[in-house]
Amino acid sequence: MSSLPSVYVTRPDVDISGLELLRKSCNVTTWSTALPVPRDELLREIKGKDALYCALTDRIDADVLDAAGDQLKCVSTISVGYEHIDVQECKKRGIRVGYTPDVLTDATAELTLALLLATNRRLFEANKQVYNGGWKSWSPMWMCGQGLKNSRVGLYGFGRIGQEIAARIAPFKPAVITYTTRTARPEEAAKVNAQRVDFNEMLCLSDFIVVCCALTPETKEIFNAAAFDKMKPNCIFINTARGGVVDQKALCEALHAKRILGAGLDVTTPEPLPLDDPLLKLDNVVVLPHIGSADIETRKEMSRITARNILAALSGCEMESEVFV
């Protein structure tokens, strides 16, 4: 019987560099299919393992921890979000939790700007016209979108990702960038000339609203029917944070009724969206399949950080990125 610690990895399609780090000093077992591991498979395979390498698609709760056994020392997720992990239950059992917060900041900010531009300049809508015969000739007002120049951009959340989004928007010369947070960030805001405003002011005055906050009990469905009713009719709503921050039914109704101009979503509830979801029938929404951090080098480093978190926890050392609650 091997004396090496054992690790269960819930995805076979994470970058190999992280798995290679683990295999140097651990026995690694991996789910075989490039899809979320079935619940019964996870409960069976986690038994007796010392560490778990998981993803956002895996629900790690008391049942999983019970199935693993008392020797489980670490749960490490290849994501910045960790709402899929019962962190309090892990803490109660002395199980350390790792995540990958900093490495994906730039990739997510880039994707957010790309999604904003694709939505406000109607790129996907226009692209369809090339293939369906809608492109007849040049027309002065056809497929016109709303520019960023001289606009008012509101950021809901102003952490690492929010600040990088603001830095990328600033060169487009908006009239003002505002941010809404629980606490002021004057030093960070000064770098992009951003102004802090309350939630109501952001809703009522913004031409663009960009969601870049964490999903917490306080932010769950904070963008609801009342919020959408306060937005300007030309408002573009962008969400690359978490689908749960939005009341999706209310958003769909606001888009359908043209109470807001459009939306760009990299996150939804559920994921993936069913093909018959009402959002997918609308022309004024762009939906992406949660690819905010899908930059090749970023995903490679996320794999390595997830592995290094595990190795540190198994050695009793400080983890590179640990969740503290």
Side-chain angles (χ1 to χ4, degrees), residues 1-105 214-215 242 290 293-294 297-325:
M1 186 174 179
S2 173
S3 60
L4 295 177
S6 58
V7 180
Y8 185 64
V9 181
T10 64
R11 301 282 312 200
D13 50 349
V14 296
D15 187 72
I16 191 67
S17 59
L19 299 182
E20 288 175 344
L21 284 175
L22 290 173
R23 287 170 179 152
K24 290 178 182 178
S25 55
C26 303
N27 286 322
V28 178
T29 306
T30 305
W31 166 236
S32 59
T33 305
L35 289 169
V37 61
R39 182 73 173 176
D40 58 349
E41 180 78 10
L42 175 59
L43 292 172
R44 180 169 58 252
E45 292 297 325
I46 192 62
K47 183 178 180 181
K49 299 298 188 293
D50 297 291
L52 173 63
Y53 181 131
C54 67
L56 271 174
T57 49
D58 307 313
R59 178 165 52 90
I60 310 304
D61 56 13
D63 290 341
V64 173
L65 303 181
D66 286 341
D70 294 339
Q71 81 298 319
L72 186 70
K73 300 177 180 66
C74 171
V75 173
S76 190
T77 181
I78 184 168
S79 62
V80 63
Y82 48 85
E83 60 269 16
H84 56 297
I85 301 171
D86 189 335
V87 177
Q88 294 292 347
E89 187 66 26
C90 288
K91 181 180 179 181
K92 186 170 70 176
R93 300 175 187 229
I95 298 168
R96 298 169 70 183
V97 178
Y99 68 136
T100 62
D102 296 321
V103 65
L104 48 66
T105 299
L215 176 60
R242 286 289 179 266
H290 202 152
S293 65
E297 290 306 316
T298 297
R299 288 287 173 87
K300 286 181 177 180
E301 184 60 10
M302 288 171 70
S303 178
R304 292 189 287 266
I305 291 172
T306 307
R308 291 196 296 264
N309 280 337
I310 288 172
L311 294 172
L314 292 177
S315 301
C317 300
E318 182 179 349
M319 295 170 73
E320 191 167 328
S321 299
E322 185 169 359
V323 177
F324 294 103
V325 292

Hey, could you give me the OG/CG distance between Ser25 and Leu314, rounded to the nearest 0.5 Å? 7.5 Å

Rounded to the nearest 0.5 Å, the CZ atom of Phe324 sits from the CE atom of Met319 at a distance of 8.0 Å

Quick one: pull up OG in Ser79 and CD1 in Ile85 and give me the separation to the nearest 0.5 Å. 6.5 Å

SG on Cys90 to CG on Leu65, rounded to 0.5 Å: 4.5 Å

Inspect the contact between Lys73 and Asp50 and indicate whether a charged nitrogen and a carboxylate oxygen are less than 4.0 angstrom apart. yes

Rounded distance (nearest 0.5 Å) linking atom NZ of Lys47 with atom CG of Asp66: 12.5 Å

Between Arg299 (side chain) and Ser293 (backbone), is there a donor-acceptor pair under 3.5 Å? yes

Report yes if the side chains of Leu22 and Ile310 come closer than 4.5 Å at any heavy-atom pair, otherwise no. yes

Pair listing, salt bridge (charged side-chain N to carboxylate O under 4.0 Å, His left out) test, anchored in residues 302-312, at least two apart: Glu301-Arg304, Glu301-Arg308, Arg308-Glu320

If you apply the rule side chain to side chain contact (heavy atoms under 4.5 Å, CB included), what do you find for Leu19 with Val14, and how did you get there? CA-CA 8 Å; Leu19 299 182; Val14 296; 3.9 Å; yes

Please check if atom CG in Asp40 has more than 12 non-hydrogen atoms from other residues, nucleotides or ligands closer than 6.0 Å. yes

Would you check if Leu104 and Met302 make a side-chain contact, meaning some heavy-atom pair closer than 4.5 Å? yes

Closest approach of Leu43 and Ala67, non-hydrogen atoms and distance? O-CB, 3.5 Å

Is Arg23 salt-bridged to Glu20, cutoff N-O under 4.0 Å? no

Heavy-atom closest pair (Val103 atom, Thr100 atom, distance to 0.1 Å) is CG1-O, 4.0 Å

Measure the OG1-CG distance between Thr10 and Leu35 for me, rounded to the nearest 0.5 Å. 11.5 Å

Using the test side-chain hydrogen bond (donor to acceptor under 3.5 Å, both in side chains), find all partners of Glu89 that sit at least two apart in sequence or belong to another chain. Lys92, Arg93

Can a donor-acceptor pair be found, under 3.5 Å and without considering hydrogens, that links the side chain of Ser315 to the backbone of Ala312? no

Verify whether one side chain among Thr77 and His84 offers a donor that lies under 3.5 Å from an acceptor in the other. yes

I'd like to know whether Gln88 forms a side chain to side chain contact (heavy atoms under 4.5 Å, CB included) with Asp86, so could you lay out the CA-CA distance, the side-chain angles of the two residues, the decisive distance to 0.1 Å, and finally the verdict. CA-CA 6 Å; Gln88 294 292 347; Asp86 189 335; 3.9 Å; yes

The single option from Val75, Leu52, Asp63 that satisfies side-chain contact (heavy atoms from CB on, under 4.5 Å) with Ile46 is Leu52

Counting C-beta onward and ignoring hydrogens, is there a side-chain heavy-atom pair between Trp31 and Pro12 closer than 4.5 Å? yes

Compare every heavy atom of Leu72 with every heavy atom of Ile95, then report the nearest pair and how far apart it is. CG1-O, 3.4 Å

Can you list the residues that meet the side chain to side chain contact (heavy atoms under 4.5 Å, CB included) rule with Arg59, with sequence neighbours excluded? Arg39, Asp61

Cys26/Leu4 under side chain to side chain contact (heavy atoms under 4.5 Å, CB included): CA gap, chis, key distance, verdict: CA-CA 5 Å; Cys26 303; Leu4 295 177; 5.6 Å; no

Closest non-hydrogen atom pair between Val80 and Pro101, with its separation: CG2-CA, 3.4 Å

Any idea which heavy atoms bring Gly48 and Ser6 closest together, and the distance? O-OG, 3.4 Å

Between the side chain of Asn309 and the main-chain N/O of Thr306, is any donor-acceptor distance below 3.5 Å? no

Short side-chain to backbone donor-acceptor contact, Thr57 and Pro36, under 3.5 Å: no

So which atom in Ala307 and which in Tyr53 form the shortest heavy-atom distance, rounded to 0.1 Å? N-CE1, 4.1 Å

Kindly say whether Tyr8 contributes a backbone atom to a donor-acceptor pair with the side chain of Glu45 at under 3.5 angstrom? no

With a 4.5 Å cut-off on side-chain heavy atoms, are Thr29 and Val9 touching? no

